[in-house]
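The block underneath contains the structure these notes are about, expressed in structure tokens.
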2 protein chains.
Amino acid sequence: MAELAAAQSVNNMALERPIDRQGVARPSVRSERRVTSYDVAMLAGVSQSAVSRCFKPGASVSKSTYARVMKAAAGLDYIPNAAARSLITRRSNMVAVVISQLANLYYPEALAELSQQIARRGKRVLLFTMQHESDVEAILADIWQYQVDGAIVAAALTDAQVEEFERRRLPLVVFNRNLRGQSVNSVLCDQYEAGRLLASKLAAAGHRRFGIIAGPADSPVATERRNGACERLQELGLPPPVIVTGQFDYASGVLGVRQIVAQGGVPDAIICGNDVMAIGCLDCARQELGIDVPGRLSVAGFDAVEPSNWLSYNLTTLRQPIHNMALAAADLLTSLIESHGGTAEKRTFAPQFITGATARLVPATAADPLAA
Amino acid sequence: MAELAAAQSVNNMALERPIDRQGVARPSVRSERRVTSYDVAMLAGVSQSAVSRCFKPGASVSKSTYARVMKAAAGLDYIPNAAARSLITRRSNMVAVVISQLANLYYPEALAELSQQIARRGKRVLLFTMQHESDVEAILADIWQYQVDGAIVAAALTDAQVEEFERRRLPLVVFNRNLRGQSVNSVLCDQYEAGRLLASKLAAAGHRRFGIIAGPADSPVATERRNGACERLQELGLPPPVIVTGQFDYASGVLGVRQIVAQGGVPDAIICGNDVMAIGCLDCARQELGIDVPGRLSVAGFDAVEPSNWLSYNLTTLRQPIHNMALAAADLLTSLIESHGGTAEKRTFAPQFITGATARLVPATAADPLAA
DNA sequence: TTGTAGGCGTTATCAC
DNA sequence: GTGATAACGCCTACAA
């Protein structure tokens with residue numbers, strides 16, 4: 001009886017709705033209406049709010065209502081409109097991911113991991129890529145517009161930019177960038193320490209004359225790696241290395257080793273700002289310059305990207321635990337979104353040394369069994 | 001005079017609004033209000049519509065109003081809410097990009113290009129990645145929800161799935177997948193032809209005994225390349241190749257060549273489903289099996305990803321014109337979005353043969369100057 | 001459990 | 001050029 005009454009009132013609504021929504025006064029521009037929860041409600045003989053509840057996980061709906069609604073929804077191909085939902089819930093379930101230089105081999109790996117972790121948490125990735133880190137400003141404007149729930153940024157941000165995230169109360173996790181002195185949530189690998197570690201290992205093996213093929217000057221990661229290595233070499237009282245700058249690409253590695261050799265002869269070891277440059281350096285040294293690596297020259301890189309592990313290279317390098325870093329970034333961001341803030345946290349991961357076979361890592365005499 | 005009256009009526013509104021929007025009946029859950037166009041209007045002393053118009057490119061606003069509004073907006077850090085906008089305009093300015101296996105080296109390059117082209121057209125990328133192409137179904141549900149303006153999908157779609165795009169009038173461009181018999185807008189490289197071309201080139205050089213390290217069975221691209229090669233070999237009356245299957249990764253190339261050699265001895269040539277497998281095959285053949293490439297064995301791949309061009313490899317391969325394909329995909333999608341459909345179009349790009357140095361491409365006698 | 005009603009923040013329409 | 005007003009499609013107290 002009550003059910004009948006309900007159905008009837010619903011039917012009244014159903015009859016009236018078309019007039020409400022597309023009656024005489026209906027704007028002529030609206031070419032085609034979308035299927036909305038009202039349509040579903042009409043077909044199912046329930047109220048619109050009932051439909052809404054059916055699509056909300058923990059809502060209280062009777063079995064029969066649920067079934068009727070779902071059947072109607074399926075019949076109409078109804079899917080809730082995320083824009084409308086986010087308007088009222090203030091949750092878009094979108095996360096902005098800002099990443100530079102997808103050409104860099106390291107970044108695709110990071111992006112793949114991040115994307116997966118974010119999806120696993122029921123959120124979508126709004127992707128922003130940039131050619132140069134300086135493009136970030138324009139991207140931020142987009143981010144504010146799109147009502148994302150948070151952002152993971154793999155680019156250097158200025159103090160003002162970080163502050164704007166705070167002002168807008170938008171959870172932010174900085175990925176792989178150490179914003180010194182800023183209280184920002186960040187997930188990173190200690191690049192400075194990585195640089196020091198590599199220098200230490202090579203110096204311990206007796207290398208004295210170093211070359212460095214550094215990454216671009218506007219890359220904080222490149223700068224930290226270079227500084228870490230340089231300062232460690234200095235601490236150890238070794239002569240200052242020959243430093244050239246590259247663009248993180250293969251050609252830069254090739255060019256770099258040529259320049260270094262031209263400038264001061266073949267050094268004992270070359271530290272490259274990333275693996276791809278190290279591979280370029282290695283290929284050029286061996287195949288063009290005819291230098292024995294690691295016999296005469298040691299070459300090392302950073303990142304442990306996939307090709308560094310290929311048989312032709314087996315590069316001595318430092319791995320960033322990308323998987324764990326992506327996991328941490330997603331976790332951190334999620335908790336920030338849920339809890340609406342908290343104190344800034346820096347999760348630093350230690351780089352992992354990969355021995356490889358492109359660097360001599362023991363003193364020369366011990367390394368060569370023939371000399372023993 | 002008129003201006004004063006306007007300002008006054010605005011002020012009335014301004015005074016009333018707070019009551020409307022967060023008065024007694026205001027829900028207690030709403031923790032913090034956002035800055036809206038009403039706030040800007042209030043501060044600037046204009047109506048909310050005026051503010052809205054100021055943020056719409058081609059709208060008619062007086063200089064002075066515009067200036068006042070912009071100043072107020074800047075002061076309040078106001079940015080229009082894209083969700084609200086898309087609700088009424090039915091335009092989100094978001095494009096879904098669905099892509100599989102970011103680990104595949106080819107895909108990051110494609111994604112980078114796509115992302116750039118889409119951004120250049122004033123749209124954002126909503127990224128969906130998947131481990132297996134079969135995950136696409138779940139992703140589609142997300143796509144419907146998020147009101148994207150269109151989608152670029154680099155995955156195989158079933159007829160039903162394509163049909164659903166049509167039913168929802170959602171512009172779709174299929175990237176790098178040939179959905180035979182379906183009338184879908186697509187941008188692709190002729191993989192079948194690429195397979196044939198490679199087989200022809202190798203056969204022309206006198207290779208007779210072939211091995212194939214194919215890509216995974218669920219990958220249409222892999223299947224087409226393999227079929228193209230196989231059918232061409234058959235046409236030419238050559239013996240059936242030894243075929244093994246891999247996963248498009250380096251290890252599969254290594255394993256593949258071992259299997260092929262174990263099964264039927266060293267063949268004349270091995271065609272690999274993509275470059276990374278070809279590189280694995282190459283490394284293993286040369287360094288583990290001690291086979292002279294290209295002297296004794298020719299190796300070729302597909303895609304011309306960056307590492308294929310490195311000195312250590314200089315792979316014989318087929319390039320897909322990724323840049324142009326991304327351009328075409330973005331153009332096609334954009335025009336579909338603007339024009340609301342049209343007839344299905346297939347833009348097919350020809351693969352470009354990269355000679356490289358891992359395959360002997362002239363008959364053996366002519367190739368060897370000593371034999372002449 | 002269910003329906004009613006109000007609001008999320010914007011754009012579009014239409015008088016003025 | 002400008003301001004009221006009605007959507008857009010949904011969520012959510014609140015009352016029943």
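Here is the naming used below: chain letters follow the sequence lines, and residue numbers restart at 1 for every chain.
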With a 4.0 Å limit, can you tell me whether [X] has a side-chain N or O closer than that to the phosphate oxygens OP1/OP2 of [N]?
X       : N      : answer
B:Ser37 : C:dT10 : yes
B:Lys56 : C:dT10 : no
A:Thr36 : D:dG9  : no
A:Ser52 : D:dC11 : yes

Using whole Å, report how far [atom1] of [X] lies from [atom2] of [N].
X       : N      : atom1 : atom2 : value
B:Asn93 : C:dT10 : CG    : P     : 16 Å
A:Ile88 : C:dG9  : CD1   : P     : 9 Å
A:Leu87 : D:dC11 : CG    : P     : 11 Å
A:Phe55 : D:dG9  : CZ    : P     : 15 Å
B:Arg91 : C:dT11 : CZ    : P     : 15 Å
B:Asn81 : C:dT10 : CG    : C1'   : 7 Å
B:Leu76 : C:dG9  : CG    : P     : 14 Å
B:Arg85 : C:dG9  : CZ    : P     : 15 Å

* Show your reasoning for whether side-chain contact (heavy atoms from CB on, under 4.5 Å) applies to B:Leu172 and B:Leu157. => CA-CA 11 Å; B:Leu172 164 69; B:Leu157 297 175; 3.9 Å; yes

* To do: Could you tell me which residues satisfy salt bridge (Lys or Arg N to Asp or Glu O under 4.0 Å) with B:Asp77, sequence neighbours excluded, listed by chain and number?
  =>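 In terms of salt bridge (Lys or Arg N to Asp or Glu O under 4.0 Å), with neighbours along the sequence ignored, B:Asp77 is linked to A:Arg167.
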
* salt bridge (Lys or Arg N to Asp or Glu O under 4.0 Å) with B:Asp331: which residues, sequence neighbours excluded? -> B:Arg121

Once you apply a heavy-atom cut-off of 4.0 Å, does [X] come out as touching a base, just sugar-phosphate, or nothing?
X       : answer
A:Val61 : sugar-phosphate
A:Tyr78 : sugar-phosphate
B:Thr65 : sugar-phosphate

* Quick one: the side chain of A:Arg90 and the base of C:dG9, do they pair up donor-acceptor inside 3.5 Å? -> no

* Classify the side chain of A:Gln48 versus the base of D:dC11 as yes if they form a donor-acceptor pair under 3.5 Å and no if they do not. =>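 Flag set: donor-acceptor pair detected.
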
* To do: Give a yes or no answer on whether the side chain of B:Asp39 reaches the backbone of B:Thr36 with a donor-acceptor pair at less than 3.5 Å.
  =>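 Here the side-chain-to-backbone pair exists.
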
* **Polar side-chain atom of A:Asp149 near backbone of A:Asn93 as donor-acceptor pair, under 3.5 Å** =>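 Yes; judged by distance alone, with no hydrogens or angles, the pair exists.
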
* To do: Report, as yes or no, whether the 6.0 Å neighbourhood of atom CZ on B:Phe55 holds more than 12 heavy atoms from other residues, nucleotides or ligands.
  =>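 For B:Phe55, atom CZ is crowded (more than 12 foreign heavy atoms under 6.0 Å).
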
* Which residue lies more 5' along DNA chain D, comparing B:Ser49 with B:Ser60 via nearest heavy atoms ->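 This one resolves to B:Ser60.
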
* To do: Give me the bend of the helix from C:dT1-D:dA16 to C:dC16-D:dG1, using the axes of the five pairs at each end, rounded to 10°.
  => 30°

* Report the residue (B:Arg53 or B:Ile79) whose heavy-atom-nearest nucleotide on DNA chain C is the more 5′ of the two. =>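 Closest to the 5' end, via its nearest nucleotide, is B:Ile79.
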
* To do: Determine, step by step, whether B:Arg347 and B:Glu345 satisfy the salt bridge (Lys or Arg N to Asp or Glu O under 4.0 Å) criterion, reporting the C-alpha distance in whole Å, the side-chain angles of both residues, the deciding distance to 0.1 Å, and the verdict.
  => CA-CA 6 Å; B:Arg347 293 201 196 168; B:Glu345 185 177 345; 2.9 Å; yes

* To do: Can you see which heavy atom on A:Leu333 is nearest to which on A:Pro171, and at what distance?
  =>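 It is CD1-O, 3.7 Å.
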
